[in-house]
2 protein chains.
Amino acid sequence: MSDDLLDDPRLTAVGLFFEVHTGLNARFAAQLCEHGLSPVEFEVLMRLARSPDRQLRMTDLASQTSLSTSGVTRVVDRMERDRYIARRACSSDRRSSYAVITQSGLTKLEQILPGHLALVEEWFTGRLPGDQLATVLDALRTIRDAVNPGATAGSSLGDSDRASHSRPRPEEQSDGAEPSGDAAERLVVEV
Amino acid sequence: MSDDLLDDPRLTAVGLFFEVHTGLNARFAAQLCEHGLSPVEFEVLMRLARSPDRQLRMTDLASQTSLSTSGVTRVVDRMERDRYIARRACSSDRRSSYAVITQSGLTKLEQILPGHLALVEEWFTGRLPGDQLATVLDALRTIRDAVNPGATAGSSLGDSDRASHSRPRPEEQSDGAEPSGDAAERLVVEV
DNA sequence: GTTCTACCTTTGCGCAAGCAACTATACGCA
DNA sequence: TGCGTATAGTTGCTTGCGCAAAGGTAGAAC
């Protein structure tokens with residue numbers, strides 16, 4: 001085994017990236033845990049809260065969360081039991097159902113977010129000077145668009161019961177290079 | 001629920017970061033899977049390969065991998081069964097045991113790494129112009145050092161055995177590039 | 001209308017990982 | 001020497017999640 005291979009700077013780069021992820025994740029998870037939520041559950045709450053009508057089809061939730069559809073079924077089971085979200089039938093396609101965040105779920109989010117934002121600030125955004133942060137976000141966007149073109153599949157279409165059926169887009173494609181106005185995109189304009 | 005809270009640019013920032021992680025992770029996992037390895041197992045192999053004497057105490061492996069010690073026990077069980085690593089008694093502390101990568105494990109790494117590096121290049125480093133990449137790595141290092149100061153833990157416990165017998169340097173991950181005073185590195189020395 | 005194909009969600013099953021309890025060893029202290 | 005406490009690793013139990021199959025529905029072709 002040549003050490004050249006093991007010392008490749010590209011390994012350093014991803015290694016660094018993954019370590020940062022691990023570190024941030026641990027901190028966030030600890031805070032969420034105090035609120036009785038797992039990271040996955042928090043993400044579900046966030047996704048729903050930021051989606052049109054605060055709801056998402058199960059499938060779309062799955063494609064936005066790196067969970068499988070069966071995983072989504074079970075997370076939604078738990079969170080429905082805890083009254084943070086509810087299932088709602090889709091009027092135009094009886095195969096589909098929506099997960100919709102409840103008032104209780106929104107309240108939960110309101111309790112969590114300030115602390116969460118403080119952590120983000122403390123361990124991520126606040127550690128980088130403005131221009132460096134901008135560069136980083138720019139880079140992240142570049143990579144995200146390449147690596148995860150369908151990330152915002154279900155939420156990017158504005159209307160209510162929307163084109164849910166009409167299969168808005170294939171999404172899911174590995175290399176779609178889809179442009180699509182993406183939700184996260186909007187939000188970052190002013191960082 | 002105020003939308004201000006949900007639209008906070010800091011959320012966008014972490015969201016982007018986590019999405020990139022998810023995307024990269026999925027691609028890497030797919031490749032590793034073809035080689036019959038999980039991401040965790042790959043990381044274990046990498047950590048061991050880059051450690052002095054190509055070995056690490058179980059506990060140190062745990063602290064470097066975001067696995068619990070029991071998690072490490074079982075991963076090592078599996079990988080020992082598959083002959084990629086072996087357990088070795090610690091001569092100076094009979095409570096401890098080392099996990100050491102075998103020749104077969106090194107060979108496995110050699111088979112995997114070229115493809116892995118290609119993926120890293122394709123989806124990460126190769127998408128960013130050199131100076132932007134440098135900025136990003138710099139930022140990542142900043143955050144990593146803050147968020148994960150014990151990343152190099154394996155080396156941080158300055159006890160007799162370790163200190164005395166080998167342990168040429170903190171070794172440890174990522175920042176091969178950084179020649180001088182990497183915080184993590186200093187930490188190890190003085191902790 | 002019937003049938004075929006494509007989908008959406010749920011469920012059975014298995015694996016991986018964490019927590020806590022347990023065993024064995026190390027080390028400080030009287 | 002003997003005891004108390006801290007640490008290393010393993011194991012029982014539980015839980016989260018993915019895969020694959022099942023059950024139900026939509027839409028198209030005929």
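None of the values given here were measured: they were computed from a predicted structure. Proteins come first, then strands; the chains are lettered A, B, ... in the order of their sequence lines, and each starts at number 1.
- Among all heavy-atom pairs drawn from B/Ile112 and B/Gln31, the shortest one is O-NE2, 3.3 Å.
- Counting to the nearest Å, the C1' atom of D/dA8 and the CZ atom of B/Arg88 are 16 Å from each other.
- Taking only side-chain atoms of A/Arg94, from C-beta outward, the nucleotide of D/dG9, D/dT25, D/dT10 with the closest atom is D/dT25.
- As a whole-Å value, the separation of B/Asp77 CG from C/dG18 P is 14 Å.
- Atom P of nucleotide C/dC8 and atom CG of A/Leu61 are separated by 14 Å, given to the nearest angstrom.
- For the pair B/Arg78 CZ and D/dT10 C1', the computed distance is 15 Å after rounding to whole Å.
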Measure all distances between protein nitrogen or oxygen atoms and nitrogen or oxygen atoms of nucleotides 19-24 of chain C, and list the pairs falling under 3.5 Å.
{"unit_1": "C/dC19", "atom_1": "N4", "unit_2": "B/Ser70", "atom_2": "OG", "d": "2.9"}

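- Here the P atom of nucleotide D/dC17 and the CD atom of A/Glu43 are 11 Å apart, to the nearest Å.
- Remark: C1' of D/dT15 and CZ of A/Arg81 are 11 Å apart, rounded to the nearest angstrom.
- The nucleotide whose nearest atom lies closest to any side-chain atom of B/Thr73 is, among D/dT10, C/dA26, C/dG18, D/dT10.
- Proximity of a side-chain donor or acceptor of B/Ser97 to a complementary backbone N or O of B/Arg87 within less than 3.5 Å is not detected.
- The nearest whole Å value for the distance from the CG atom in A/Asn25 to the P atom in C/dG18 is 12 Å.
- The nearest pair of heavy atoms linking B/Met79 to B/Glu41 is CE-O, 3.5 Å.
- When all heavy atoms of B/Ala89 and B/Tyr98 are compared, the pair lying nearest together is O-CD1, 4.1 Å.
- Atom-to-atom distance recorded for A/Glu19:CD and A/Asn25:CG is 13.5 Å, nearest 0.5 angstrom.
- In this structure, B/Thr65 reaches neither bases nor backbone, as no heavy-atom distance under 4.0 Å exists between it and the strands shown.
- Checking D/dG9, C/dT25, C/dG18 against the side-chain heavy atoms of B/Asp93 singles out C/dT25 as nearest.
- Here A/Val72 lies out of heavy-atom contact (under 4.0 Å) with every strand.
- In this structure, B/Ser97 reaches the sugar-phosphate backbone alone: every heavy-atom distance under 4.0 Å involves primed, P, OP1 or OP2 atoms, never a base.
- Between the side chains of B/Ser96 and B/Arg57, at least one donor N or O sits under 3.5 Å from an acceptor N or O.
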For B/His35 and B/Phe42: C-alpha separation, side-chain torsions, deciding distance, then whether ring pair (Phe, Tyr, Trp, His ring centres under 6.0 Å) applies.
CA-CA 10 Å; B/His35 291 272; B/Phe42 176 69; 9.3 Å; no
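- At whole-Å resolution of the value, CE in A/Met58 and C1' in D/dT25 are 16 Å apart.
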